[in-house]
> 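Handing you a structure now.
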Number of protein chains: 2
Amino acid sequence: MKNLHIQIEISSELFSKNPDSSDLGREIISKSIELINEIGFESLTFKKLGAVINSPESSIYRYFNNKQTLLIYLTSWYWTWTEYRLVFATTNVVSPEERLSKCINIITQPVEVDDDISYVNEILLSEIIFSESLKAYHTKNVDEKNKIGSFKAYKNVVQRISDIVLEINPHFEYPHMLISTIIEGAHQQKYFAEHLPALTDKIKDKNAITSFYIEIVNQILNIKQSQ
Amino acid sequence: MKNLHIQIEISSELFSKNPDSSDLGREIISKSIELINEIGFESLTFKKLGAVINSPESSIYRYFNNKQTLLIYLTSWYWTWTEYRLVFATTNVVSPEERLSKCINIITQPVEVDDDISYVNEILLSEIIFSESLKAYHTKNVDEKNKIGSFKAYKNVVQRISDIVLEINPHFEYPHMLISTIIEGAHQQKYFAEHLPALTDKIKDKNAITSFYIEIVNQILNIKQSQ
DNA sequence: GCAATTATGATAGTAATACTATTATATTTA
DNA sequence: TAAATATAATAGTATTACTATCATAATTGC
């Protein structure tokens with residue numbers, strides 16, 4: 001899928017200085033994505049990131065108060081961008097079943113093609129989301145972060161897909177539970193496949209996880225498998 | 001449910017010195033459970049724990065190399081104990097559907113009664129499992145920890161319930177995926193209900209999460225709801 | 001009941017982390 | 001061209017996550 005060049009806007013609550021407003025800021029985002037992929041979020045320090053971009057750590061602190069804030073920025077970017085993808089994939093699709101199916105595909109698979117335009121490598125970013133994003137909200141200061149809207153973009157995605165679920169079955173009681181279970185589940189199953197295979201099943205093809213969740217959705221919403 | 005007094009044995013790979021072998025060791029376990037519940041795992045330090053039990057941090061280090069190791073010990077204890085609960089709840093139950101239903105109940109709900117015998121407060125421990133256990137394996141050294149058997153007890157539980165799933169439907173391709181999705185999903189939904197309610201649904205009664213996952217299982221395994 | 005072993009307490013010390021602060025030097029803008 | 005702003009370079013601090021040492025207390029073996 002080739003995207004139009006969309007400008008992702010991130011709420012000003014989520015940074016000290018907008019990284020999208022300067023070369024250094026964009027470099028911080030771009031290289032942090034690469035570095036987190038290489039060494040993992042836990043091992044990331046602003047000192048190491050500074051070394052990569054040839055800037056002192058104090059310069060990075062001007063953009064983000066700490067690395068959790070940076071991770072929240074990255075996840076917000078991803079979910080805002082993913083909402084665009086969802087809209088793009090579902091406009092003009094009449095059948096809600098088909099729209100839902102397309103959405104599940106998008107949320108259960110890491111990105112495979114980069115649009116090559118922006119300074120954000122979407123393939124690597126989606127890898128980070130799958131393996132590290134839960135560290136953004138599984139933290140002692142969730143409530144405080146939530147209050148300033150740190151997880152708004154994620155919530156919007158869950159809400160949007162839940163709406164399709166309700167279109168299909170207006171009496172279904174747990175649409176948000178269903179969608180967040182699928183998103184988080186897909187992330188975890190991929191992690192398990194890589195690190196704790198006993199907690200998942202033999203992954204025949206790369207769509208196994210997607211198929212599993214599609215089947216759950218079809219069953220629980222009584223959707224006849226047509227395609 | 002009243003348990004017989006069962007001795008939980010934890011593999012010697014998971015500690016430096018067996019905490020079950022001394023008063024100080026048992027005190028470390030007992031008070032760490034309380035302290036993690038109070039301040040959260042992130043905020044726990046061996047220094048603070050030492051203050052609570054009136055021992056220097058260096059004494060705690062003789063039992064556990066670091067706090068991650070302590071958390072792994074606690075999760076292993078919980079899952080080993082939970083496997084006993086599963087066995088106890090399912091022996092002499094003929095119908096695999098009924099056995100599965102009982103298992104899902106156990107894994108999707110925090111513990112509500114403490115057996116009051118051991119030094120482990122099972123209610124508080126289960127709270128920790130629900131809110132913090134993913135931090136035991138979502139870490140850069142998963143593979144190394146996995147190699148020494150740190151997650152064996154958890155895997156055993158997933159395996160045991162997966163076996164029941166296969167009894168009901170031998171052709172079902174994703175039993176482990178289903179069970180680990182349910183366990184992790186139940187933990188997360190409870191966390192969402194407390195901190196990020198937009199990601200879940202109104203919880204009518206305390207069994208809502210359990211009901212949701214029971215329904216998924218029933219649908220996907222084609223189980224007729226009888227009770 | 002005493003020696004030998006082992007566990008614990010008390011204290012100190014170190015490297016790394018996660019910042020904050022200061023000042024000089026660029027770069028941009030008015 | 002002056003003023004404002006951004007970045008670089010450097011230093012410093014509190015906390016964390018340990019490690020080390022030695023004295024004392026408790027336990028065990030004979």
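Note on naming: letters A, B, ... go to the chains in the order of the sequence lines (proteins, then strands), and numbering restarts at 1 for each one.
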> Measure CD1/A/Ile28 against P/D/dT7 and give the value in whole Å, please.
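These atoms are roughly 8 Å apart.
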
> Tell me what A/Ser58 touches on the nucleic acid: a base, only sugar-phosphate, or nothing, going by heavy atoms under 4.0 Å.
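Here A/Ser58 touches the bases of the nucleic acid.
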
> Let's see if you can work this out: which of C/dC19, D/dT19, D/dT7 has an atom nearest to the side-chain heavy atoms of B/Tyr61?
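Out of C/dC19, D/dT19, D/dT7, the nucleotide with an atom closest to B/Tyr61's side chain is D/dT19.
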
> Please state how far atom NZ in B/Lys48 lies from atom P in D/dT15, giving the value in whole angstrom units.
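In whole Å, D/dT15 P lies 11 Å from B/Lys48 NZ.
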
> Would you say A/Lys48 has more than 12 foreign heavy atoms packed within less than 6.0 Å of its NZ?
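More than 12 heavy atoms, drawn from other residues, nucleotides or ligands, come within 6.0 Å of this atom.
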
> Output yes when at least one side-chain N/O atom of A/Ser59 is less than 4.0 Å from OP1 or OP2 of D/dA8, else no.
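For A/Ser59, the contact criterion (side-chain N or O under 4.0 Å from OP1 or OP2 of D/dA8) is met.
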
> Rounding to an integer number of Å, can you tell me how far A/Asn18 CG sits from D/dA6 C1'?
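Rounding to the nearest Å, CG of A/Asn18 and C1' of D/dA6 are 15 Å apart.
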
> With a 4.0 Å cut-off, would you call A/Asp163 and A/Arg160 a salt bridge?
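No.
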
> Here's one to test your reading of the geometry: is the NZ or CZ of B/Lys145 within 45 degrees of the ring axis of B/Tyr137 and under 6.0 Å from its centre?
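No.
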
> Do A/Asn66 and A/Tyr61 pair up side chain to side chain, a donor and an acceptor below 3.5 Å, judged on atom types alone?
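Side chains of A/Asn66 and A/Tyr61: no pair found under 3.5 Å.
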
> Mind calculating the distance between CZ (A/Arg62) and P (D/dA6) to the nearest angstrom?
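Taking CZ of A/Arg62 and P of D/dA6, I get 9 Å after rounding.
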
> At under 4.0 Å between heavy atoms, what does B/Lys17 touch on the DNA or RNA strands: base, sugar-phosphate, or nothing?
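Counting heavy atoms under 4.0 Å across all strands, the contact made by B/Lys17 is with sugar-phosphate only.
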
> Just to be sure I understand the rule, does B/Phe46 reach a base, reach only the sugar-phosphate, or reach nothing, if contact means heavy atoms closer than 4.0 Å?
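Nothing, no heavy atom under 4.0 Å.
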
> How long is the line joining NZ of B/Lys47 and P of D/dT15, in whole Å?
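So the NZ-P distance, B/Lys47 to D/dT15, works out to 9 Å.
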
> Could you give the CD1-to-P distance, from A/Ile60 to C/dA18, as a whole number of Å?
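My rounded result for the distance is 12 Å.
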
> To the side chain of A/Ser55, which of D/dA8, C/dT20, C/dG9 is closest?
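From the listed options, D/dA8 comes nearest.
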
> Between D/dA8, C/dG9, C/dA18, spot the one nearest the side chain of A/Lys67, thanks.
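So the side chain of A/Lys67 is nearest to C/dA18.
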
> With a 4.0 Å cut-off on heavy atoms, is A/Tyr63 in touch with a base, just the backbone sugar-phosphate, or nothing at all?
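Result for A/Tyr63 = sugar-phosphate.
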
> Distance check needed: C/dC19 P versus A/Asn66 CG, whole Å only.
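Computing the A/Asn66:CG to C/dC19:P distance gives 5 Å.
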
> Considering only side-chain heavy atoms of B/Pro56, which listed nucleotide, D/dA8, C/dC19, C/dA10, is closest?
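The answer is C/dA10.
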
> B/Asp23 or B/Ser43: which one's nearest nucleotide on DNA chain D is closer to the 5' end?
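Looking at DNA chain D, the more 5' nearest nucleotide goes with B/Ser43.
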
> Write down the distance between CD (A/Glu57) and P (C/dT22), rounded to a whole number of angstrom.
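About 17 Å, once rounded to whole Å.
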
> Within the 3.5 Å criterion, strictly below it, is a donor on B/Asn146 or B/Lys152 matched to an acceptor on the partner's side chain?
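Result is no, nothing qualifies.
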
